[in-house]
Amino acid sequence: QVQLVESGGGLVQPGGSLRLSCAASGRTISSVTMGWFRQAPGKEREFVAVITWSGGNIDYADSVRGRFTISKDNAKNTVYLQMNRLKPEDTAVYYCAKSRTGMPGRDLHEYHYWGQGTQVTVSS
């Protein structure tokens, strides 16, 4: 079984920070890619950030570049998303996802394993 469990969401004021975690219970090998996506009410799920397990190749959506940082802990099979200088438009349910491509892809159709999501609300 492959399980992805997100945590760390919550309510934060504009300009604040949150750190999301995603723990993967399945085996993590060199061909694995871990990504973060988000979905706001009434909108489609969109790409946020991605990291490859083997080489640590990273990519970000333009909307979060310079504010968010994706990282991983190989020993814990965990990927993180550090979110700084949060804006109200960052409000969404954030999902971690796993693909077997080993490439830093942005297409959500490449990801076949998804976590349950964690709510991030940025509001004053």
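By convention here, the first residue in the shown sequence is residue 1.
- Heavy atoms only, all atoms of each residue included: Lys76 and Thr78 are closest at O-OG1, 2.9 Å.
- Among residues two or more places apart in sequence or in another chain, the side chain to side chain donor-acceptor pair (under 3.5 Å) test is passed with Ser7 by none.
- Atoms CH2 and OG1, on Trp53 and Thr33 in that order, are 10.5 Å from each other to the nearest 0.5 Å.
- Atom CD1 in Ile51 sits 4.0 Å away from atom CD1 in Ile58 (nearest 0.5 Å).
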Can you give the donor-acceptor pairs under 3.5 Å from side chains of residues 99-106 to other protein atoms, not counting sequence neighbours?
| unit_1 | atom_1 | unit_2 | atom_2 | d |
| --- | --- | --- | --- | --- |
| Ser99 | OG | Thr101 | OG1 | 3.3 |
| Arg100 | NH2 | Tyr113 | OH | 2.5 |
| Thr101 | OG1 | Met103 | N | 3.0 |
| Thr101 | OG1 | Met103 | O | 3.4 |
| Arg106 | NE | Asp59 | OD2 | 2.7 |
| Arg106 | NH2 | Asp59 | OD1 | 3.2 |
| Arg106 | NH2 | Asp59 | OD2 | 3.1 |
| Arg106 | NH2 | Tyr60 | O | 2.8 |

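- The salt bridge (charged side-chain N to carboxylate O under 4.0 Å, His left out) search around Glu110 returns none, not counting sequence neighbours.
- Every residue was checked against the salt bridge (charged side-chain N to carboxylate O under 4.0 Å, His left out) condition with Arg45, not counting sequence neighbours, and none meets it.
- Inter-residue side-chain proximity for Leu4 and Lys98 is flagged as met; some heavy-atom pair is nearer than 4.5 Å.
- For Asp62, the salt bridge (charged side-chain N to carboxylate O under 4.0 Å, His left out) test picks out Arg65, with sequence neighbours left out.
- Counting only residues at least two apart or on different chains, no disulfide bond (SG atoms under 2.5 Å apart) pair has a member in residues 43-84.
- Glu6 contributes atom CD, which lies 11.0 Å from atom CG of Leu81 (distance to the nearest 0.5 angstrom).
- The closest side-chain heavy-atom distance from Val120 to Met83 is below 4.5 Å.
- Clustering of Ile, Leu, Val, Met, Phe, Trp and Tyr side chains at separations under 4.5 Å places Phe47 together with Phe37, Val50, Val93, Tyr95, Leu108, Tyr111, Trp114.
- Qualifying side-chain contact (heavy atoms from CB on, under 4.5 Å) partners for Arg85, counting only residues two or more places apart in sequence or in other chains: Arg67.
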Exercise answer: donor-acceptor pairs, residues 9-21 side-chain atoms, under 3.5 Å, sequence neighbours excluded:
| unit_1 | atom_1 | unit_2 | atom_2 | d |
| --- | --- | --- | --- | --- |
| Ser17 | OG | Asn84 | OD1 | 2.9 |

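- Residue pairs that meet the disulfide bond (SG atoms under 2.5 Å apart) test with at least one member in residues 95-124, sequence neighbours left out, are Cys22-Cys96.
- Within 6.0 Å of the CD atom in Glu44, the count of heavy atoms belonging to other residues, nucleotides or ligands does not exceed 12.
- Listed by first and then second residue, the disulfide bond (SG atoms under 2.5 Å apart) pairs involving residues 39-75 amount to none (not counting sequence neighbours).
- A distance of 9.5 Å separates CD in Gln39 from CD in Glu46, rounded to the nearest 0.5 Å.
- How far CZ of Arg38 is from CD of Gln119: 12.0 Å, rounded to the nearest 0.5 Å.
- Tyr80 and Val64 are members of different hydrophobic clusters when ILVMFWY side chains are connected at heavy-atom separations under 4.5 Å.
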